[in-house]
S.K.: 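Starting off with a structure, shown below.
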Amino acid sequence: MATPPIIAGNWKMNLLLESSTKLISDLKKGGISKSRARVIVIPPATLLSSIADQIKNTGIFLGAQNCHEELKGAFTGEVSAEMLASVGCNYVILGHSERRTLFGETNAQIKAKMSSAIKCGLTPIVCVGENLRQREAGGAMDTVGKQLEECLIDKVSKDNCIIAYEPIWAIGTGQTAEPDDIEEIHSHIRNTLKAKEPNTDGIPILYGGSVKPENASKILVLPDVGGVLVGGASLNPKDFLAIIDKTSGKSE
Ligand code: PEP
C-alpha cells in the first residue's frame with residue numbers, strides 16, 4: 001500500500017513536560033486523529049516516554065531526533081536506537097543539518113546509525129541538503145548526491161527509509177526553496193536512489209525548510225514530495241494542524 005503523505009514535526013531542543021503535554025492535548029482537540037496524513041511528532045529524548053503514553057490510540061507516530069550507532073556501552077550522554085525503540089519510537093531523524101554542522105556528524109557515522117536504527121525496527125528519516133555557498137556555486141545536486149551515496153546503506157527500500165531534502169539555507173530562516181528547485185532536487189534524489197538500488201520506488205522524499213501554513217500547499221502539491229519535515233511551525237498547534245490539513249488534497 002502507498003504511504004500516505006507524511007507530516008513530521010521536529011521539536012528540536014524545545015518544550016518541557018508541561019508545555020509538551022499541552023501541545024499534544026491541543027493537537028488532539030484540533031482533530032489530529034482524523035487526518036489521513038501520517039503524522040509523526042519528534043520530541044527531545046527527555047519527553048519520548050511521556051509523549052508515547054499521550055499519543056496511544058491517536059494514530060500519531062513517535063520519532064526521535066538522533067541515535068548513537070552502537071546499541072549499548074560506554075558512550076556517556078548518548079542514546080541508542082534500541083533504547084528509542086523500547087520507549088515506543090517508530091522513526092528516527094538521522095543526519096539533520098544541525099547535527100552535521102554543530103556536532104560534526106559525518107556521512108560515515110550517519111550510515112552506521114542507519115544500520116543500527118533499521119536493526120532495531122526504526123525507520124530512519126535521513127536528511128540531506130546543501131548550504132548556501134554550495135547552492136550559489138551550482139553544487140546543490142552534487143552535494144545531495146554525495147550525501148546519499150555515503151549515508152545510505154545498500155539495501156534501501158520504502159520499508160526501511162525516508163529521505164528528507166532540507167536545504168540548509170532554508171532551515172529556520174523563513175526562506176523556502178522554490179517549487180521548481182524542490183522538484184529538480186527531488187527528481188535527482190529519486191534517480192540517485194534508483195541507480196544505487198533498483199527497489200527504491202515509493203521511498204518517501206520529504207521537503208523541509210521553513211514550511212508554514214502559508215507555503216505548505218504549494219510544496220505538498222508537487223508530485224515527488226511525499227510530505228514535509230517541519231521545525232518551528234510544529235511547536236504551534238494551530239500552525240501544525242493547518243499544515244496537516246493541507247494534505248487533504250494530496251493523493252497517495
Ligand atoms: C527542521 O528542523 O528540520 C526544519 C525544517 O526547521 P524549520 O521548519 O524551522 O525551518
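When a ligand or atom number is given, it counts from 1 through the structure's own listing order.
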S.K.: For the residue pair Ile125 and Ile6, establish whether any side-chain heavy-atom pair is separated by less than 4.5 Å.
M.R.: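 When only atoms from C-beta onward are counted, Ile6 and Ile125 do not touch, as no gap falls below 4.5 Å.
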S.K.: Are any of the N/O atoms on Gly232, whether in the backbone or the side chain, positioned under 3.5 angstrom from an N/O atom of ligand 1?
M.R.: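 Indeed, backbone or side chain, Gly232 has an N or O that close.
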S.K.: Less than 3.5 Å between some nitrogen or oxygen of Ile171 and one of ligand 1, yes or no?
M.R.: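 No, there is no polar N/O contact under 3.5 Å.
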S.K.: Within ligand 1, which atoms have a heavy atom of Gly172 less than 4.0 Å away?
M.R.: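 Checking each atom against Gly172, I get 7 (P), 9 (O), 10 (O).
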S.K.: Tell me the protein heavy atom at minimum distance from atom 3 (O) of ligand 1, and give that distance in Å.
M.R.: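 For this ligand atom, the closest protein heavy atom is Glu166 OE2, 2.7 Å.
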S.K.: Short N/O distance, under 3.5 Å, between Gly231 and ligand 1?
M.R.: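 Among all N and O atoms of Gly231, at least one is under 3.5 Å from an N or O of ligand 1.
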S.K.: Show which atoms of ligand 1 fall inside a sub-4.0 Å distance from at least one heavy-atom site of Gly209.
M.R.: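 In order of number, 5 (C), 10 (O).
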S.K.: Could you check whether the rings of Tyr207 and His186 sit parallel, tilted or perpendicular, using 30° and 60° as the cut-offs?
M.R.: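 Aromatic pair Tyr207/His186 classed tilted.
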S.K.: Do you know the tightest heavy-atom contact between Leu241 and Asp26?
M.R.: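 Taking Leu241 first and Asp26 second, the nearest heavy atoms are CD1-O, 4.1 Å.
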S.K.: Main chain of Gly139, side chain of Thr143: is a donor-acceptor contact present, judged purely on distance under 3.5 Å?
M.R.: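 Answer holds: yes.
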S.K.: Is any N or O atom of Ser210, backbone or side chain, closer than 3.5 Å to an N or O atom of ligand 1?
M.R.: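 Checking ligand 1 against Ser210, an N or O pair does fall under 3.5 Å apart.
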S.K.: For atom 1 (C) of ligand 1, grab the closest protein heavy atom and report residue, atom and distance to one decimal in Å.
M.R.: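 Answer for atom 1 (C) of ligand 1: His96 NE2, 3.3 Å.
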S.K.: Indicate, as side chain, backbone, both or neither, the part of Asn10 found under 4.0 angstrom from ligand 1 when only non-hydrogen atoms are considered.
M.R.: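 Looking at Asn10 and ligand 1, just side chain atoms fall under 4.0 Å.
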S.K.: Would you say Lys155 has more than 12 foreign heavy atoms packed within less than 6.0 Å of its NZ?
M.R.: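 No.
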S.K.: Can you tell me which portion of Ala170 lies within the under-4.0 Å heavy-atom range of ligand 1? Options are side chain, backbone, both, or neither.
M.R.: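 Under 4.0 Å from ligand 1, Ala170 contributes backbone atoms alone.
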